[in-house]
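Here's the structure, in structure tokens; my notes come after.
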Amino acid sequence: MKHYDVAIIGSGLAGLTTALELAEKLKVALICKRHIFDNASRWAQGGIAAVSDPFDTVDEHVQDTLVAGANLCDKESVEFILQHASSAIDWLIQQGIPFSREANQPTPQHAESNYHLTQEGGHSKRRILHVADATGDAIQNKLENKVKAHPNIHLYEHHFVIDLITSRHIGHSGNAVYGAYVLNEHQQTVHTLSCSNIVLACGGAGKVYNYTTNPDTATGDGIAMAWRAGARVANMEFIQFHPTCLYHPYAKSFLISEAIRGEGGLLKLPNGERFMPQHDSRQELAPRDIVARAIDFEIKKRGLDCVYLDISHQSKDKLIAQFPTIHKRCLELGIDLTREPIPVVPAAHYSCGGVVTDLQARTDLTGLYAVGETAYTGLHGANRLASNSLLECIVMGQNAARSILQQPRRQPFNSLPEWDESRVTDADEEVVVSHNWDELRLTMWNYVGIVRTNKRLARAKHRIDLLREEISEYYTHFRVSRNLLELRNLVEVADLIVRSALIRKESRGLHYSLDYKNTLPKAFPTILQKEQKNL
């Protein structure tokens with residue numbers, strides 16, 4: 001059994017930020033179920049929202065966030081995180097992040113450093129700092145190298161955290177974490193890890209849907225294990241569908257950045273007709289939930305496979321300079337965005353809900369923290385404003401580290417129970433796992449998607465209940481594998497999404513119900529708490 005001061009589960013921006021902020025004083029384990037570079041942060045194309053133009057204000061950024069969040073954001077959280085945006089950007093610059101600079105374009109400028117600012121849907125001003133169209137990749141490359149070089153950070157790749165070890169495992173009263181059971185994929189053995197603190201930075205749960213912009217690692221692991229341990233979760237019904245995922249049989253999960261629309265891209269039907277003016281006065285710059293519903297409406301109404309995003313009217317040189325990654329990938333698939341429109345469809349993109357935390361990233365369990373997409377801070381409300389998420393990763397990652405460093409050092413528990421495999425055997429038919437994986441994701445796509453009804457949700461709940469029983473039985477009788485563990489977490493998250501959606505008797509933000517089309521006058525978060533007897 002190994003002991004660490006802190007174990008961080010996940011290697012996205014939130015996890016790396018927390019690790020680097022802690023490692024000067026504490027011994028840190030960074031646990032990744034695949035490679036360190038397999039995370040959603042790397043896929044972020046747009047950038048980071050932060051006020052730096054003298055004609056913009058934090059108050060305006062706050063207001064844009066509240067409006068996009070359909071009045072369900074926690075205003076205190078919004079103000080706190082956005083007020084720390086400038087210091088978060090400074091921290092990234094100190095790490096060596098090469099944000100794009102102006103190139104004689106008539107756009108607002110940072111007074112001193114001349115950074116190029118772009119605009120995305122829901123923002124009233126240009127305030128997105130970016131590194132061309134591959135911001136996440138640039139940031140991750142820098143931070144990953146720093147993490148790998150740090151002597152106090154021990155990296156565990158291909159290690160899957162099965163479950164947290166809590167008070168109930170050792171017969172203690174209260175609710176605290178003491179460690180975790182971790183599957184070493186290479187050795188196919190389960191180890192016991194003792195930790196004074198655990199930070200969940202596992203990302204979101206996009207893979208619960210059949211079509212998603214998320215990487216294969218986004219299986220809701222942090223949310224599921226925190227729920228099983230007894231932490232509250234909130235607003236799980238609010239799944240953001242990105243309006244523009246590239247529609248092509250060989251383009252798995254490739255995102256077409258919101259910044260394309262921010263720079264003048266127009267959404268069109270196959271005949272070249274624009275349709276967003278009929279759906280919202282903000283047209284292509286409406287928040288993501290509205291744009292995604294509009295595209296979904298047009299596709300279903302007209303029996304289309306996709307719609308088209310056209311920015312070919314802009315300067316070719318400008319497009320290639322600002323969107324090199326998107327331009328290159330589209331060209332590989334025979335699409336030249338400088339000359340023709342891009343075929344796009346909506347896809348599951350971001351989980352606005354998650355594990356309930358305070359502004360120090362603390363959950364309901366002593367010693368357990370959650371940051372990034374795994375967490376619910378109240379920032380995103382019923383719909384995430386574009387490019388606020390990477391900002392949240394940095395601010396809350398730093399806050400989690402600060403909180404851990406300020407707490408009295410928790411003493412390790414030296415006699416944690418070992419993982420018991422005495423009553424399990426090797427799996428007889430792995431096809432059961434792959435079949436249930438496909439059925440679960442298709443069920444969620446068909447019944448719990450962009451537009452919902454009571455009947456669809458009830459059908460989904462019924463099928464998910466049956467799948468949970470099958471998966472639980474399989475988990476009880478056979479040795480664990482990554483595929484089985486991911487499926488176990490996905491079905492848990494699917495159940496939380498459907499239960500939350502059934503509770504909400506209105507349409508708000510990302511949750512749109514044909515049975516409750518109106519928005520209630522007061523907004524309340526949906527908070528779920530596991531019954532103590534079921535822990």
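Classification of Glu492 and Arg468 as a salt-bridged pair holds, one side-chain N sitting under 4.0 Å from a carboxylate O. Ion pairing between a basic and an acidic side chain is recognised when a charged N comes within 4.0 Å of a carboxylate O; Glu144 and Arg42 show such pairing. Of the charged side-chain nitrogens involved, none lies within less than 4.0 Å of a carboxylate oxygen, so that Asp5 and Lys25 do not count as a salt-bridged pair. A salt bridge does not link Asp364 with Lys530: every distance from a Lys NZ or Arg NE/NH1/NH2 to an Asp or Glu carboxylate oxygen is 4.0 Å or more.
At most 12 heavy atoms of other shown residues, nucleotides or ligands fall within 6.0 angstrom of atom OH in Tyr211. The number of heavy-atom neighbours closer than 6.0 Å to NZ of Lys27, taken from other residues, nucleotides and ligands shown, is above 12.
Below 30°, between 30° and 60°, or above 60°: for His158 and His186 the angle between ring planes is between 30° and 60°, a tilted geometry.
Between His154 and Tyr4, the ring center distance clears the sub-6.0 Å criterion.
Looking at Arg508, its side chain does come within 3.5 Å of a backbone N or O of Ala70 through a donor-acceptor pair. Side-chain atoms of His462 never come within 3.5 Å of backbone atoms of Arg459 as a donor-acceptor pair (strictly under, hydrogens ignored). With hydrogens and angles ignored, the 3.5 Å screen pairs no side-chain donor or acceptor of Thr166 with any backbone N or O of Ala229. Not a single donor-acceptor pair under 3.5 Å links the side chain of Ser513 to the backbone N or O of Ser507. Without hydrogens or angle criteria, Gln140 side chain to Ser11 main chain gives a donor-acceptor distance under 3.5 Å. Between the side chain of Asn145 and the backbone N or O of Asn141 there is at least one donor-acceptor pair closer than 3.5 Å. With hydrogens and angles disregarded, a donor-acceptor distance shorter than 3.5 Å links the side chain of Ser167 to the backbone of Ala176. When atom types are taken as modelled, the side chain of Asn235 and the backbone of Gly353 share no donor-acceptor pair closer than 3.5 angstrom. Counting only distance, with no hydrogens or angles, the side chain of Ser41 and the backbone of Gly12 share no donor-acceptor pair below 3.5 Å. Distance alone, capped at 3.5 Å, is enough to place a donor-acceptor pair between the Glu506 side chain and the Leu520 backbone.
Under the rule for a ring pair (Phe, Tyr, Trp, His ring centres under 6.0 Å), the partners of Tyr181 that lie at least two apart in sequence or sit in another chain are Trp419. Residues satisfying the side-chain hydrogen bond (donor to acceptor under 3.5 Å, both in side chains) test with Tyr209, not counting sequence neighbours, are none. Taking the ring pair (Phe, Tyr, Trp, His ring centres under 6.0 Å) definition, one finds that Phe37 meets it with His35, sequence neighbours left out.
Nearest approach of Leu487 to Val433, heavy atoms of both residues: CD2-O, 3.6 Å. Between Cys352 and Leu510, the closest heavy-atom pair is SG-CD1, 3.6 Å. Ala494 and Val208 make their closest contact through CB-CG2, 3.7 Å (heavy atoms, listed as atom of the first residue, atom of the second, distance).
In this model, a donor atom of one side chain and an acceptor atom of the other lie less than 3.5 Å apart for Ser194 and His3. Judged purely by distance below 3.5 Å, without hydrogens or angles, the side chains of Gln240 and His380 never pair a donor atom with an acceptor atom. For the residue pair Tyr156 and Asn184, no side-chain donor N or O sits within less than 3.5 Å of a side-chain acceptor on the partner.
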Could you tabulate the donor-acceptor pairs under 3.5 Å formed by side-chain atoms of residues 394-402, not counting sequence neighbours?
unit_1	atom_1	unit_2	atom_2	d
Asn399	OD1	Arg402	NH1	2.5
Asn399	ND2	Leu359	O	2.7

Enumerate donor-acceptor pairs with a distance under 3.5 Å from any side-chain N or O in residues 219-226 to protein atoms, sequence neighbours excluded.
unit_1	atom_1	unit_2	atom_2	d
Thr219	OG1	Lys33	NZ	2.7
Thr219	OG1	Asp221	OD1	2.8
Thr219	OG1	Asp221	OD2	3.2
Asp221	OD1	Asn489	ND2	2.8
Asp221	OD2	Lys33	NZ	2.6

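We find the CZ-CG distance between Arg463 and Leu442 to be 11.5 Å, quoted to the nearest 0.5 Å.
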Decide side chain to side chain contact (heavy atoms under 4.5 Å, CB included) for Ile48 and Leu92; before the verdict, give the C-alpha distance in whole Å, the side-chain angles of both, and the deciding distance to 0.1 Å.
CA-CA 11 Å; Ile48 300 179; Leu92 286 175; 3.3 Å; yes
Tell me, with the steps shown, if Arg410 and Thr366 meet side chain to side chain contact (heavy atoms under 4.5 Å, CB included).
CA-CA 10 Å; Arg410 294 181 69 219; Thr366 302; 4.0 Å; yes
Which is it for His130 and Gln45 under the side chain to side chain contact (heavy atoms under 4.5 Å, CB included) test, yes or no, and what are the steps along the way?
CA-CA 8 Å; His130 61 100; Gln45 295 173 342; over 6 Å; no
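Contacts classified as side chain to side chain donor-acceptor pair (under 3.5 Å) and involving residues 66-85 (residues at least two apart or in different chains) are given here: Asp74-Ser77.
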